[in-house]
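Notes to accompany the following structure.
Throughout, a chain's letter reflects where its sequence line sits, starting with A, and its residues are numbered from 1. Computed from a predicted structure; not experimentally measured. Any value given below was found using the heavy atoms of this structure, including those in side chains, with hydrogens, waters and symmetry copies removed.
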Protein chains: 2
Amino acid sequence: MIKKIRTTPRREASLSRDRIVEASIELLDRNGEAGLTFRALSERLATGPGALYGHIANKDDLLIAACDAIVARTMSECAIGATPQATLRAMALGMFDTIVAHPWVGSALTRALGQLPIVRLLERTGQQVGALGVPEDEQWAAVSALLSYILGVGGQNAVNGQLARARDIDRSTFLEGLSTTWSQLDPQTYPFTRRVAGRLRSHDDRADFLAGFDFILRGIERSSS
Amino acid sequence: MIKKIRTTPRREASLSRDRIVEASIELLDRNGEAGLTFRALSERLATGPGALYGHIANKDDLLIAACDAIVARTMSECAIGATPQATLRAMALGMFDTIVAHPWVGSALTRALGQLPIVRLLERTGQQVGALGVPEDEQWAAVSALLSYILGVGGQNAVNGQLARARDIDRSTFLEGLSTTWSQLDPQTYPFTRRVAGRLRSHDDRADFLAGFDFILRGIERSSS
DNA sequence: ACCTGAACACCGTTCAAGT
DNA sequence: ACCTGAACACCGTTCAAGT
């Protein structure tokens with residue numbers, strides 16, 4: 001007896017939350033936040049848009065789940081340093097780099113208030129701040145400052161990346177344009193902005209990020225000693 | 001001769017960018033980011049959705065313009081202090097309060113990279129950091145740290161506010177829920193989060209914000225002295 | 001029990017037609 | 001020159017019907 005030949009390709013596996021999240025990440029990485037669509041997603045998974053609602057609550061839920069998968073990976077990969085400061089810096093840089101690689105993670109994080117991806121960051125930050133010797137009743141302030149900063153820069157980098165994709169401008173031409181716009185501002189009301197306009201093109205986001213993180217660390221150390 | 005009686009109400013004024021922005025702010029304040037719709041907006045202005053495109057480029061442009069109107073007002077209202085530190089703190093608190101009052105401003109700001117509302121913040125911050133005595137080549141790092149922090153907290157507060165509106169939960173019941181969720185996490189992997197869960201309900205966002213801002217200020221002072 | 005996909009109630013944006 | 005508003009090309013989400 002001859003084996004029956006399939007006319008439609010076999011589905012890789014049955015639909016599951018994990019497969020949906022994995023496919024979402026691919027779509028988000030390829031086309032940014034606009035690339036995640038229930039129609040595109042269901043096509044990729046060879047099903048109908050309605051089927052997805054059996055495994056996820058809605059689009060927000062899906063985006064946060066995708067974000068959490070990426071954050072969990074970053075947390076497990078970034079190094080534990082010799083000192084709490086080093087561990088915190090490694091985590092911060094790890095997040096910076098993943099947001100550069102997956103800009104949509106930056107905007108997803110800002111919308112995940114209190115949810116799992118944020119809790120992962122909160123926990124690691126909290127443990128290291130404790131190890132730093134900050135008294136218990138000052139730990140929350142320190143942790144929320146560090147986290148707010150990471151999320152703030154992350155959000156900026158997200159725009160950076162999505163803007164770069166939207167118009168398919170490369171980063172340096174965008175900065176070039178911003179630099180000329182800023183240098184044409186009124187010198188009376190915008191002296192500082194005009195002054196930094198020139199240096200905009202050559203600056204290093206990653207170094208600036210780390211410098212800012214170190215300001216906060218130093219401020220924390222100073223206040224608890 | 002009898003005056004002709006109008007059958008439709010007279011338009012207040014002809015369509016203009018300012019009137020559109022003003023109406024947008026009212027819609028955003030009333031119903032959040034979801035409330036700003038070209039249909040709702042054109043109805044409010046007694047015109048068709050297409051007419052708006054004569055005065056604004058697209059929805060993003062409109063949102064940033066509305067955001068800038070609010071930020072400009074805040075900048076002009078917040079006090080100039082006796083010291084650069086005091087002025088910076090007043091500006092930061094002014095932004096915090098306006099974002100609490102207009103949560104959509106928080107998310108609009110994050111998407112306004114390099115645009116007018118950001119430039120207003122950048123300029124004032126830069127001038128005060130200069131007055132603080134930070135050497136020229138370290139000013140950019142200090143300014144971008146302070147700004148990233150403000151934008152980071154602003155983004156969080158925006159979610160806070162929009163989340164409160166979406167489900168019409170009040171803030172304390174939301175924190176209550178988060179507090180119980182966090183306190184049920186695995187004690188082995190989430191000791192810090194569990195520990196702070198209890199204090200979540202009673203904490204003061206505004207005080208935390210200021211404490212974090214002061215960490216950065218202290219870090220800046222320390223590194224440049 | 002789970003999937004399917006047409007249908008619903010929306011969006012932002014465009015553009016021929018009007019004034 | 002400017003406004004009008006139907007039309008276009010999409011969304012997220014639902015739900016009767018299928019298997």
In whole angstroms, how far is the [atom2] atom of [N] from the [atom1] atom of [X]?
X	N	atom1	atom2	value
A:R39	D:dC11	CZ	P	6 Å
B:L41	D:dC3	CG	P	13 Å
A:E33	D:dC11	CD	C1'	14 Å
B:E43	D:dG5	CD	C1'	13 Å
B:R19	D:dC3	CZ	C1'	13 Å
A:I20	C:dC2	CD1	P	13 Å
B:L52	D:dG5	CG	P	13 Å
A:N58	D:dG12	CG	P	11 Å

Exercise for the section: Anything below 3.5 Å on both distances counts as a pair; with that, list the stems of at least three consecutive Watson-Crick or G-U pairs involving DNA chain D. Expected result: C:4-8 with D:12-16, C:12-16 with D:4-8

Side chain [X], main chain [Y], donor-acceptor under 3.5 Å:
X	Y	answer
A:T180	A:E176	yes
A:S16	A:R19	yes
B:S148	B:A145	no
B:Y149	A:I150	no

Exercise for the section: Look at B:R73 together with B:D68 and state whether they make a salt bridge at an N to O cut-off of under 4.0 Å. Expected result: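 Judged by the 4.0 Å cut-off on N to carboxylate O distance, B:R73 and B:D68 do not form a salt bridge.
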
Practice task
For the pair A:D97 and A:R206, find out whether any cationic side-chain nitrogen is under 4.0 Å from an anionic carboxylate oxygen.
Solution key: yes

Practice task
Go through the side-chain N and O atoms of A:D170 and A:S172 and say whether any donor and acceptor fall under 3.5 Å apart.
Solution key: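 The answer is yes; a qualifying pair exists.
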
Exercise for the section: Go through the side-chain N and O atoms of A:E33 and A:S107 and say whether any donor and acceptor fall under 3.5 Å apart. Expected result: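 A pair is found: one side chain offers a donor N or O, the other an acceptor, under 3.5 Å apart.
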
Practice task
Have a look at A:L36 and say if it touches a base, only the backbone sugar-phosphate, or nothing, with a 4.0 Å heavy-atom cut-off.
Solution key: sugar-phosphate

Practice task
Classify the nucleic acid contact of A:T37 as base, sugar-phosphate or nothing, counting any heavy atom under 4.0 Å across all strands shown.
Solution key: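 Touches sugar-phosphate only.
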
Problem - Proximity to the side chain of B:L15 - top-ranked nucleotide from C:dT13, D:dT13, D:dC3 - result: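 The answer is D:dC3, which lies nearest to the side chain.
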
Within the sub-3.5 Å range, which N or O atoms of nucleotides 14-17 of chain D have a protein N or O partner, and how far apart are they?
none

Exercise for the section: Return the orientation label for the A:W140 and B:W182 ring planes: parallel under 30°, perpendicular over 60°, tilted otherwise. Expected result: tilted

